[in-house]
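Note sheet for the following structure.
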Amino acid sequence: MRSISADVLAAQGATTRAALLALGHPYRAIRAEVASGALQAIGRSWVIIPDANPAIGAALRSGGVLGGASALRSYGVWVTELPPVQIATRPHSSPRRVPEGERIRGDFTVDEKPWRVSLVDALAQHARRVERDDAIASIDSALHQGLLDEEGLDRLFGLLPLRCRPWRRELDASAESGLESLLRVPCRDRGWRVETQAPAPGGGRGDLLIDGWLWVETDGDEWQDNEKQAAKDRKRGTAITAAGGRWLRFGYADVVHERPRTMSVIELVMAQGRPAPVRLAG
């Protein structure tokens, strides 16, 4: 039998005493782990490892479970901007204390890890609280990672208001990052034809290809320039220009914090029209 701590770690840092008992751990052994400080007790039901995700402890101490954006982050799903911990509680529950974050009241099902709501419920809770483009980016992320299928989408849009149903036509499971989604949707709103992950002249793929000639690349905040990458960029930029195209590259802050300005740059380039191919010497 694995150790108690190993089984709590397998549950990503928090589980119930009942779950540990079901795995064959004696009650006295669980109590000893709590007494030694290897585990922390939350109420009568929960135990948590000391270095578990602080949001999980905050939700459990508040008498709820992780919900909304906080739950999505625990699934590894894109969230554009993470708010204070979001805690899902039942409509008529009486939490033991004031929550340590934002409360989301409503019915929900829990995940197999019972300290968070199901993925579909987390997406529905999140989508009601953010702008359309941010909601679509999160749903795209879940689709791309294979966490959500068509049946899950049916359940999700059954939970959302009718005004959200047109969003389903905007989804794209091929989007490899939320940044792509955050630019793809407003580009399509402007009537442009947008392809995702399109092969680009000079090798590789572009995150977005607009109207067949403008390649747009988005880079997360972890990306750092280096000479090897710069050389690849120059090669790709030259090849795209020679083919009669244009290439734009935007960073995390450009897309997340300065999206209107970024869209203005794309609009300016699109207004200039497709340039003529360039005949390269040699």
Side-chain angles (χ1 to χ4, degrees), residues 68-84 86 122-123 126-145 147-148 164 166-202 204-226 229-230 232-234 236-237 240-241 245-272:
S70 300
L72 291 179
R73 276 291 178 92
S74 75
Y75 282 102
V77 169
W78 169 274
V79 175
T80 303
E81 296 188 81
L82 190 63
Q86 292 184 325
L123 286 167
H126 182 59
R128 295 190 192 100
R129 287 165 173 78
V130 297
E131 298 296 327
R132 177 198 61 160
D133 296 1
D134 299 307
I136 289 173
S138 293
I139 302 170
D140 277 356
S141 174
L143 288 169
H144 181 74
Q145 296 179 68
L147 301 174
L148 190 67
C164 300
W167 297 357
R168 190 162 182 170
R169 297 192 296 269
E170 303 295 332
L171 301 176
D172 190 336
S174 68
E176 294 187 353
S177 81
L179 300 178
E180 295 176 38
S181 301
L182 293 174
L183 289 185
R184 182 193 77 245
V185 175
C187 283
R188 287 180 174 166
D189 285 345
R190 286 158 174 76
W192 301 326
R193 186 179 81 256
V194 183
E195 301 171 56
T196 57
Q197 296 302 313
R205 297 175 296 171
D207 292 335
L208 304 175
L209 173 58
I210 304 174
D211 280 1
W213 61 271
L214 175 57
W215 274 265
V216 175
E217 195 78 16
T218 59
D219 294 305
D221 56 352
E222 77 284 354
W223 182 84
Q224 294 183 351
D225 202 1
N226 55 58
Q229 182 64 49
K232 289 175 61 178
D233 291 348
R234 288 192 294 270
R236 179 182 295 184
I240 288 174
T241 300
R246 294 286 299 275
W247 184 46
L248 295 174
R249 186 172 208 157
F250 299 107
Y252 179 92
D254 297 322
V255 179
V256 172
H257 303 302
E258 299 184 36
R259 208 174 315 158
R261 183 184 66 82
T262 295
M263 287 305 303
S264 294
V265 172
I266 296 174
E267 288 175 332
L268 177 62
V269 174
M270 291 298 295
Q272 294 170 354

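What you see below is based on every heavy atom in this structure, not just the backbone, and it leaves out hydrogens, waters and symmetry mates.
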Would you name the heavy atoms of [X] and [Y] that are closest together and state the gap between them?
| X | Y | answer |
| --- | --- | --- |
| Trp167 | Arg132 | NE1-CG, 3.2 Å |
| Ile266 | Ile210 | CG2-CD1, 3.9 Å |
| Gly76 | Gln145 | O-NE2, 3.0 Å |
| Ser138 | Val77 | O-CG1, 3.4 Å |
| Ser141 | Trp78 | OG-N, 3.0 Å |
| Ala175 | Arg184 | CB-NH1, 3.8 Å |

Start with the C-alpha gap between Trp192 and Glu267, add the side-chain angles, then the distance that decides, and say whether side-chain contact (heavy atoms from CB on, under 4.5 Å) holds. CA-CA 10 Å; Trp192 301 326; Glu267 288 175 332; 3.7 Å; yes
After noting the C-alpha distance and the side-chain angles of Asp133 and Ser181, does the key distance pass the side-chain contact (heavy atoms from CB on, under 4.5 Å) rule? CA-CA 7 Å; Asp133 296 1; Ser181 301; over 6 Å; no
State whether Glu170 and Arg188 are salt-bridged, where the test is any N-O pair (Lys NZ or Arg NE/NH1/NH2 against Asp/Glu carboxylate O) under 4.0 Å. no
Should [X] and [Y] count as side-chain neighbours, where that means a heavy-atom distance under 4.5 Å?
| X | Y | answer |
| --- | --- | --- |
| Arg261 | Asp254 | yes |
| Thr218 | Leu183 | yes |
| Met270 | Trp213 | yes |
| Trp247 | Glu217 | yes |
| Val216 | Phe250 | yes |

Can you tell me how far the [atom1] atom of [X] sits from the [atom2] atom of [Y], to the nearest 0.5 Å?
| X | Y | atom1 | atom2 | value |
| --- | --- | --- | --- | --- |
| Tyr75 | Leu148 | OH | CG | 11.0 Å |
| His144 | Asp172 | NE2 | CG | 10.0 Å |
| His126 | Thr80 | NE2 | OG1 | 6.0 Å |
| Ile139 | Leu123 | CD1 | CG | 6.0 Å |

Check against side-chain contact (heavy atoms from CB on, under 4.5 Å), Leu171 and Leu143: CA-CA 9 Å; Leu171 301 176; Leu143 288 169; 4.1 Å; yes
Are any side-chain N or O atoms of Thr196 and backbone N or O atoms of Ser174, one a donor and one an acceptor, separated by less than 3.5 Å? no
Can you list the steps and then say if Arg73 with Leu82 is a side-chain contact (heavy atoms from CB on, under 4.5 Å)? CA-CA 8 Å; Arg73 276 291 178 92; Leu82 190 63; 3.6 Å; yes
As a quick check of understanding, evaluate salt bridge (charged side-chain N to carboxylate O under 4.0 Å, His left out) for Glu176 and Arg205, giving each step before the final call. CA-CA 11 Å; Glu176 294 187 353; Arg205 297 175 296 171; 3.0 Å; yes
Out of Arg259, Arg128, Arg129, which one pairs with Asp134 under the salt bridge (charged side-chain N to carboxylate O under 4.0 Å, His left out) rule? Arg259
